Undergrad: 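Got a structure here, written out as structure tokens. Questions coming.
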Protein chains: 2
Amino acid sequence: MQQENQVNIADLRERFSHYLKKQRYRNTQERFLVLDSVVNIDKHFSADELYIYVRGFGAKISRATIYSTLDLLTKCNILVKHRFQGDSAHYELADKMPNHDHLICTECGRIIEFQAIEKLGEIQNEVCQSLGFKPLKHSFNIFAVCNDPGHCEYNRA
Amino acid sequence: MQQENQVNIADLRERFSHYLKKQRYRNTQERFLVLDSVVNIDKHFSADELYIYVRGFGAKISRATIYSTLDLLTKCNILVKHRFQGDSAHYELADKMPNHDHLICTECGRIIEFQAIEKLGEIQNEVCQSLGFKPLKHSFNIFAVCNDPGHCEYNRA
DNA sequence: GTTCTTGCAAACCCTTTGCACGTCT
DNA sequence: AGACGTGCAAAGGGTTTGCAAGAAC
């Protein structure tokens, strides 16, 4: 399922590089290290999870740089930033599955992706039209619990 | 529009009181002061906005109590807690408009309510069924900008 | 009278910022 | 060389917590 939209890392690097150039920001090692890690981590992550991940294979990078780079990657639409419940923001690659929303298990916090974009897009457009707004994007989150909580390996109890 | 579902404060007080009793929590003045304020404030609010509101008419109450009571009111389903974008959580009465979602203006932060529940409920149920989850609730947020930004009195520029 | 709740301030977590040093152009 | 980015630690905002004083039971 995740493979449907294989991420092209060379393409992402190019897009990032292009964005940086256009904004007169510099192409630093740290920024591309973050981009690579973001691709490798291959799931939703918080800034701190990414920090730990990057440190995990010995790379030296500060939280400040993590945050700043995540911000850049979000601004150039390589990442999408979410605020689910909980304290910290979560990020994911915008390209990986271009159109999906999230189901959050209220028992274990697991996040599952699904697609229902056409219908949601219709609703979004209807609502905006009737209220006099230009739609930009939406977020649709379903909160639910597993039918089989025993299967829920992530369970925090 | 807001009047459609007139909030019955006596009913809310009763529900809160019942909940507190059942949980062996105490019926304190502060808790009911918060409940009353939440009804009077009549829009989405953050914990701090509520704190300022309550202080505004001379009531003495601490932030700690505000937070703790908001938590209780959320647990007993009198309030709903949202995480829109931005730093702080926002709350609103669950009963006031039992079924609505939110359009957030990305220019000014204004929050507008709308109803599209039947369709969203269908989607929610379909998704949960196919993934093997029991649906609890959903949140659907549309991010958009006014067609007429000049009209946007809240604009933060 | 005992237990729970409050208020205050300090602690806490996530995130941003200031500054000196290092890196990119 | 000059300007920008980094790392560190400290500050910041929202929220939670520990503890003594006060209120509910």
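In this text the structure is predicted, and so the values were computed from the model without any measurement. All chains are named by letter (A, B, ...) in the order of the sequence lines, taking the proteins before the strands, and each is independently numbered beginning at 1.
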Undergrad: Less than 4.5 Å apart, side chain to side chain, heavy atoms only: is that true for A:S37 and A:L33?
TA: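 With C-beta onward as the side chain, the pair touches.
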Undergrad: Please say which of B:I78, B:L12, B:L93 ends up in a side-chain contact (heavy atoms from CB on, under 4.5 Å) with B:L73.
TA: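 Checked B:I78, B:L12, B:L93 against B:L73; only one passes side-chain contact (heavy atoms from CB on, under 4.5 Å): B:I78.
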Undergrad: Establish, with yes or no, whether the OP1 or OP2 oxygen of C:dG7 is under 4.0 angstrom from a side-chain nitrogen or oxygen of B:T65.
TA: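 Yes, because at least one side-chain N or O of B:T65 sits under 4.0 Å from OP1 or OP2 of C:dG7.
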Undergrad: Check whether any side-chain heavy atom of B:V80 sits under 4.5 Å from a side-chain heavy atom of B:T74, and report yes or no.
TA: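 When only atoms from C-beta onward are counted, B:T74 and B:V80 do not touch, as no gap falls below 4.5 Å.
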Undergrad: Between A:H102 and A:E92, is there a side-chain heavy-atom distance shorter than 4.5 Å?
TA: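 With C-beta onward as the side chain, the pair touches.
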Undergrad: Determine: side-chain N/O of B:Y67 to OP1/OP2 of D:dT15, distance under 4.0 Å, yes or no.
TA: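 For B:Y67, the contact criterion (side-chain N or O under 4.0 Å from OP1 or OP2 of D:dT15) is met.
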Undergrad: In whole Å, I'd like the distance from the CG atom of A:D87 to the C1' atom of D:dT15.
TA: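 After rounding, the reported distance stands at 8 Å.
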Undergrad: Ignoring hydrogens, what is the shortest heavy-atom contact between A:C146 and B:K134? Give both atom names and the distance.
TA: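 The answer is O-NZ, 3.7 Å.
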Undergrad: Please report how far the helix from C:dG1-D:dC25 to C:dT25-D:dA1 bends, comparing the axis fitted to its first five pairs with the axis fitted to its last five, to the nearest 10 degrees.
TA: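 One end axis against the other gives 30°.
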Undergrad: Measure from CG on A:D48 to C1' on C:dC13 and round the result to the nearest Å.
TA: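 My rounded result for the distance is 10 Å.
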Undergrad: Any side-chain heavy atom of B:F140 sitting closer than 4.5 Å to one from A:D101?
TA: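 Heavy-atom side-chain distance check fails, nothing below 4.5 Å.
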Undergrad: Given atom CG of A:L20 and atom P of C:dT23, what is their separation to the nearest angstrom?
TA: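 Atom-to-atom, A:L20 to C:dT23, this comes out as 19 Å.
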Undergrad: Side-chain heavy atoms nearer than 4.5 Å, only ILVMFWY residues, links allowed to pass through others: does that put B:I41 and B:F16 together?
TA: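 Same hydrophobic cluster.
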Undergrad: Can you tell me how far P of D:dG13 sits from CZ of B:R63, to the nearest Å?
TA: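 It works out to 11 Å between those atoms.
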Undergrad: D:dG14 P sits how many Å from B:I52 CD1, rounded?
TA: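 One finds 9 Å between P of D:dG14 and CD1 of B:I52, rounded.
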Undergrad: Would you mind classifying the nucleic acid contact of A:R24 as base, sugar-phosphate or nothing, using non-hydrogen atoms under 4.0 angstrom?
TA: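 Nothing, no heavy atom under 4.0 Å.
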Undergrad: Distance check needed: C:dC13 C1' versus A:R83 CZ, whole Å only.
TA: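 Nearest whole value for this atom pair: 12 Å.
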Undergrad: Kindly point out which of D:dT15, C:dC8, C:dT6 is positioned nearest to the side chain of B:R55?
TA: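 Among D:dT15, C:dC8, C:dT6, the one nearest the side chain of B:R55 is C:dC8.
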Undergrad: For each nucleotide in nucleotides 19-25 of chain D, reading 5' to 3', give B when a protein heavy atom comes within less than 4.0 Å of its base, S when such contact involves only the sugar-phosphate, and - otherwise.
TA: ----BBS
Undergrad: Does this structure show an ion pair linking A:K43 with A:E49, if we count only N-O contacts that are shorter than 4.0 Å?
TA: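 No, no charged N to carboxylate O under 4.0 Å.
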Undergrad: What's the closest nucleotide to the side chain of A:I61 if the choices are C:dC14, D:dG7, C:dC8?
TA: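 Of all the options, the side chain of A:I61 is nearest to D:dG7.
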Undergrad: Using a strict threshold of under 4.0 Å (side-chain N to carboxylate O), is an ion pair present between B:R13 and B:D36?
TA: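 So B:D36 pairs with B:R13 through a salt bridge.
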Undergrad: Nearest whole Å is fine: how far is D:dG5 C1' from A:I66 CD1?
TA: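 Whole-Å distance recorded here is 14 Å.
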Undergrad: Rounded to whole angstrom units, what separation is found between the NZ atom of B:K81 and the C1' atom of D:dG14?
TA: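 About 10 Å, once rounded to whole Å.
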